[in-house]
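Have a look at the structure below, then the notes.
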There are 2 protein chains.
Amino acid sequence: MVKITDVARHAGVSPSTVSYALSGKRPISEETRQRIEDSIRELGYRPHAGARALASSRSNVLALVVPLRAGIHVPVVMQFAVSVVTTARRHDHDVLLLTQEEGEDGLRRVADTALVDALIVMDVQLHDRRLPLLRALDRPSVLIGFPAEPDGLTCIDLDFQAAGEVCVEHLAGLGHRVIALVGSPPEVYVRETGFAQRVVRGFTAAADRHGLSSSVHPCEAEPAAARQVAEQLLRERPALTGVVVHNEPVVEPLIDAFEQLGLRVPGDLSVTAICPDELAARVRVPVTSVAIPSAEVGTGAVELLMKKLGGASAPEATLLPPRLTVRESTGRRP
Amino acid sequence: MVKITDVARHAGVSPSTVSYALSGKRPISEETRQRIEDSIRELGYRPHAGARALASSRSNVLALVVPLRAGIHVPVVMQFAVSVVTTARRHDHDVLLLTQEEGEDGLRRVADTALVDALIVMDVQLHDRRLPLLRALDRPSVLIGFPAEPDGLTCIDLDFQAAGEVCVEHLAGLGHRVIALVGSPPEVYVRETGFAQRVVRGFTAAADRHGLSSSVHPCEAEPAAARQVAEQLLRERPALTGVVVHNEPVVEPLIDAFEQLGLRVPGDLSVTAICPDELAARVRVPVTSVAIPSAEVGTGAVELLMKKLGGASAPEATLLPPRLTVRESTGRRP
DNA sequence: TTCCCTCGTCGAAGCGCTTCGACATCACGT
DNA sequence: ACGTGATGTCGAAGCGCTTCGACGAGGGAA
C-alpha cells in the first residue's frame with residue numbers, strides 16, 4: 001500500500017505538505033502542488049479512510065435510515081436514496097445504509113463509534129421515539145418529514161399543506177364548486193406521519209377561501225374501500241364534480257369505481273392526486289397530480305447536512321413547494 | 001469521548017487486555033472479562049471505528065452497488081438491499097451504498113481507501129466492464145448474476161434455467177402439450193444479463209424432455225406488445241394451452257389480452273410466470289409463479305463474503321433453486 | 001525435579017493520517 | 001532601514017485502537 005510518506009518522498013516534500021496540498025487547508029505553491037499531484041498519480045496513492053477519520057475526526061460518511069414499514073411506496077424510497085448518494089458524492093461523502101429495524105441503537109452506534117459524521121432519518125413519525133436521541137447526539141441530523149415538535153431539529157419535506165391547497169386551487173380555477181378529499185386510511189390521521197393532516201388543512205383552507213363546498217373522506221388502501229367511498233359520494237353529494245385523492249393505492253381503483261358508476265373522468269368528474277409522478281402517469285387516465293419530489297428532498301437533506309457540518313446553522317423547517325402537473329383527469333366543470 | 005484507556009483504567013487492567021476481551025483473540029479470565037464489561041457499560045464506551053480500522057485494517061463495512069438502469073424492478077432491489085443490510089449486521093458489519101453511476105472508479109475508490117472490506121455488485125452484465133477490476137482488487141467480492149466468464153469470481157443468483165424447467169414441468173404435469181414462452185424484450189437476449197437466455201434454455205430443454213411442442217417469443221415490455229404476442233399465438237398456435245411469462249411488466253397485460261381474445265385463464269389457458277411474488281400475487285388473476293428470491297440472494301451474498309473474509313474459499317457459482325408457488329392461473333388441460 | 005506448554009496479562013510499537021507550532025522567506029508600507 | 005503580515009514548508013505530536021513479544025504462574029509429562 002502506498003502511503004502519504006511515499007508520496008512525500010517521491011515529491012521531495014514532507015508528509016504534512018502533501019496533506020495540506022490535498023486538503024487545501026494551508027497555501028501551497030503552485031509548483032509543489034503540481035509535483036505532489038504528479039507523484040500521487042504516478043504512485044496511485046489513495047489516502048486510507050480509517051487513518052483519515054482517526055486523525056481528522058471526520059469519516060466523510062453519512063448515515064441514511066430507510067423505512068421498512070408496509071404502506072411505504074418503495075420506488076419513492078429508492079429514488080430518494082439514490083439522490084442522497086449522488087448528492088453526498090458531490091460533497092465527497094459516502095452513504096451508510098441503515099434500516100429502521102436497527103432502531104435507536106443503530107443510530108447511537110454509528111454516531112458514537114464515529115462511523116458517520118451525520119444522519120438522515122426518513123419516515124419520521126409525529127411522536128418518533130428517535131427524536132430525543134437525535135437531539136442529544138453530538139452529530140447533526142436531518143429528518144424527512146415533520147414530527148409534532150420539530151424544535152431543535154432540522155426537517156425537510158414536501159409542503160403537504162400547500163399541496164392540498166394547490167389541488168383545490170386547480171379545481172376552483174376550472175370552475176368546480178363542490179369538491180371532496182379522499183384521504184388516507186383513518187389510522188393514519190391518528191398517529192403516524194402528520195402529513196395527512198396537513199393535506200386536510202390545506203384542502204379545507206383553500207376550499208373555504210374560494211367558497212367551495214368541501215368534504216373529507218378517509219379511505220382504506222383497498223379497491224373495495226375506494227368503491228364504497230365512490231358510492232357514498234354519489235349518494236351524499238350528487239353535485240360533486242371535483243375530487244382530490246391523497247392515498248396512492250386507491251387512485252386507480254377510485255377512478256375505475258367512478259366510471260363504473262357512470263361518471264366520466266374528466267367529463268363529469270375531475271380528479272387530482274397527491275402521489276408519485278410515476279404512479280400518476282401510468283394510470284389508465286393519467287392523473288393531474290402534485291408529485292412527491294423524492295429526488296429534491298434527498299438533495300435538500302444532504303445540502304442541509306453539509307451546511308451543518310460546515311458549522312453553519314440550518315433552518316428548522318424546509319418545505320418544498322408543490323408542483324402540480326396537469327394531465328388528463330381534470331377539466332372544466334360540466 | 002470515552003476511550004479504551006479510560007475503560008482500562010476503570011477496570012484496573014491494561015488497554016490491550018480490554019482489546020482482547022472485546023475481540024476474544026486471546027484468552028481472558030472470566031473474572032476480568034466481567035469487570036471490563038461492567039466498566040464498558042458504566043462508562044458507555046464505544047470503540048472508534050476509524051481507529052479500529054486503522055489498527056486492524058478491517059473497516060467492517062461492505063459496499064453494495066445498486067443498479068439504476070431502467071427496466072429494473074425497484075422493489076426487488078430494495079428488498080435485496082434490506083436483506084443485505086440485515087445479514088451484514090448479524091455479522092457485525094455495516095453497508096455502504098454505492099450507485100452504478102459511480103462505476104469502476106467508485107469501486108476502486110472504496111476498495112483502495114480501505115473504506116470497505118468487501119463488495120457486493122448487483123446487476124452484473126454478461127460482459128461487465130467491472131469484471132477485470134473486481135478480479136484485480138485485493139478485496140473479496142460477490143456478484144449478483146452471472147457474467148459470461150465467471151472464472152475467479154464468486155457469483156450468486158436464482159437458477160434461472162431451473163426456473164424455466166420448473167414452469168414447464170408444472171404445465172406438463174397438468175397435461176399441457178403445447179406451450180409457449182413469452183420472454184423479455186429482444187435486446188435483452190443480445191447483451192445484458194444472460195439470465196434471459198438461461199430461462200429459454202431451461203424452458204426448451206424441459207419441453208423437449210417431456211415431448212411438448214414449444215415456442216419462444218420475445219416481447220417488448222409494453223401492454224400493446226403483449227396484445228400483439230397474444231394475437232400472434234392464437235393465430236399461429238391454436239392448440240396452445242400453456243404459457244410461461246418471463247417479462248414482469250407484461251404479465252398482467254398479457255392475461256388481459258388473452259381474456260379479451262376469448263380465452264379464460266386458467267379455464268382455456270394456463271399461465272405461469274417468473275417474477276417477484278409480490279407482482280404475481282396482486283394481478284387480477286393471481287399467477288402461478290417462480291419467485292425472484294431477493295432476500296435469499298442478499299443473505300447468500302453476505303454469507304459468501306463473510307466466508308471469504310474469514311479466509312475460507314467460496315464456490316464460484318451459487319445457484320438458488322427455484323420455488324414454484326401455485327396460484328390461480330394454472331389448471332389441467334381443458 | 002526439570003522442561004515445556006498454556007493461560008492471562010502487560011507494555012510498547014505501530015497503523016496512516018492531520019494539525020499545530022515554528023521557522024524562513026518575501027513583499028510591503030513607513 | 002525595519003517591523004509586519006502573508007506565504008510556504010517542515011517536524012513532531014498525536015488520533016484511539018490492535019497486535020506482537022514478553023513474562024510470570026500454574027500444570028503435566030518426562
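Proteins come first, then strands; the chains are lettered A, B, ... in the order of their sequence lines, and each starts at number 1.
- The nucleotide whose nearest atom lies closest to any side-chain atom of B:Ala55 is, among C:dC17, D:dC10, D:dG16, D:dG16.
- As a whole-Å value, the separation of B:Arg9 CZ from C:dT9 P is 19 Å.
- The phosphate of C:dT19 (OP1 or OP2) has a side-chain N or O of A:Lys25 nearer than 4.0 angstrom.
- For B:Ser16 and C:dG11, a side-chain-to-base donor-acceptor distance below 3.5 Å is present, hydrogens and geometry of angles not being considered.
- No donor-acceptor distance shorter than 3.5 angstrom exists from the side chain of A:Asp92 to the backbone of A:Asn60, with no hydrogens or angles considered.
- Here A:Thr17 does not reach the OP1 or OP2 of D:dT9: none of its side-chain N or O atoms lies under 4.0 Å away.
- Regarding contacts with the backbone of D:dT9, a side-chain N or O of A:Ser29 is found under 4.0 angstrom from either OP1 or OP2.
- At the heavy-atom level, A:Thr32 lies under 4.0 Å from the strands shown only through sugar-phosphate atoms.
- Contact annotation for A:Pro27: base contact, defined as any heavy-atom pair under 4.0 Å involving a base atom.
- Rounding to whole angstrom units, NE2 of residue A:His48 and P of C:dG14 are separated by 17 Å.
- Side-chain N/O atoms of B:Arg26 and base N/O atoms of D:dT19 include no donor-acceptor pair closer than 3.5 Å.
- Contact between the side-chain N/O atoms of A:Ser56 and the OP1/OP2 oxygens of C:dT18 is not found at any separation under 4.0 Å.
- A straight line from CG of A:Asp112 to C1' of D:dC17 spans 17 Å, rounded to a whole angstrom.
- Separation of atoms NE2 (A:His48) and CG (B:Leu115) is listed at 9.0 Å; rounding is to 0.5 Å.
- C:dC17 atom P lies 14 Å from atom CG of A:Asn60, rounded to whole Å.
- Straight-line distance from the CG atom of A:Leu54 to the P atom of C:dG16: 12 Å, rounded to whole Å.
- Distance, A:Ile28 CD1 to D:dT7 P: 12 Å, rounded to whole Å.
- Spacing between atom CD1 of B:Ile4 and atom P of C:dC10 amounts to 12 Å, rounded to whole angstrom units.
- Note on B:Arg35 versus B:Asp38: no salt bridge recorded, every NZ/NE/NH1/NH2 to OD/OE distance being 4.0 Å or above.
- Going from atom CZ of A:Arg33 over to atom P of D:dT7 covers 13 Å, rounded to whole Å.
- Rounding to the nearest 0.5 Å gives a distance of 11.5 Å between OG1 of A:Thr17 and CZ of A:Arg33.
- With hydrogens and angles ignored, a donor-acceptor pair closer than 3.5 Å exists between the side chain of B:Tyr20 and the base of D:dC20.
- If you take CD1 on A:Ile4 and OG on A:Ser39, they are separated by 12.0 Å, rounding to the nearest 0.5 Å.
- Taking 4.0 angstrom as the limit, A:Arg52 places none of its side-chain polar atoms (N or O) nearer than this to OP1 or OP2 of C:dG16.
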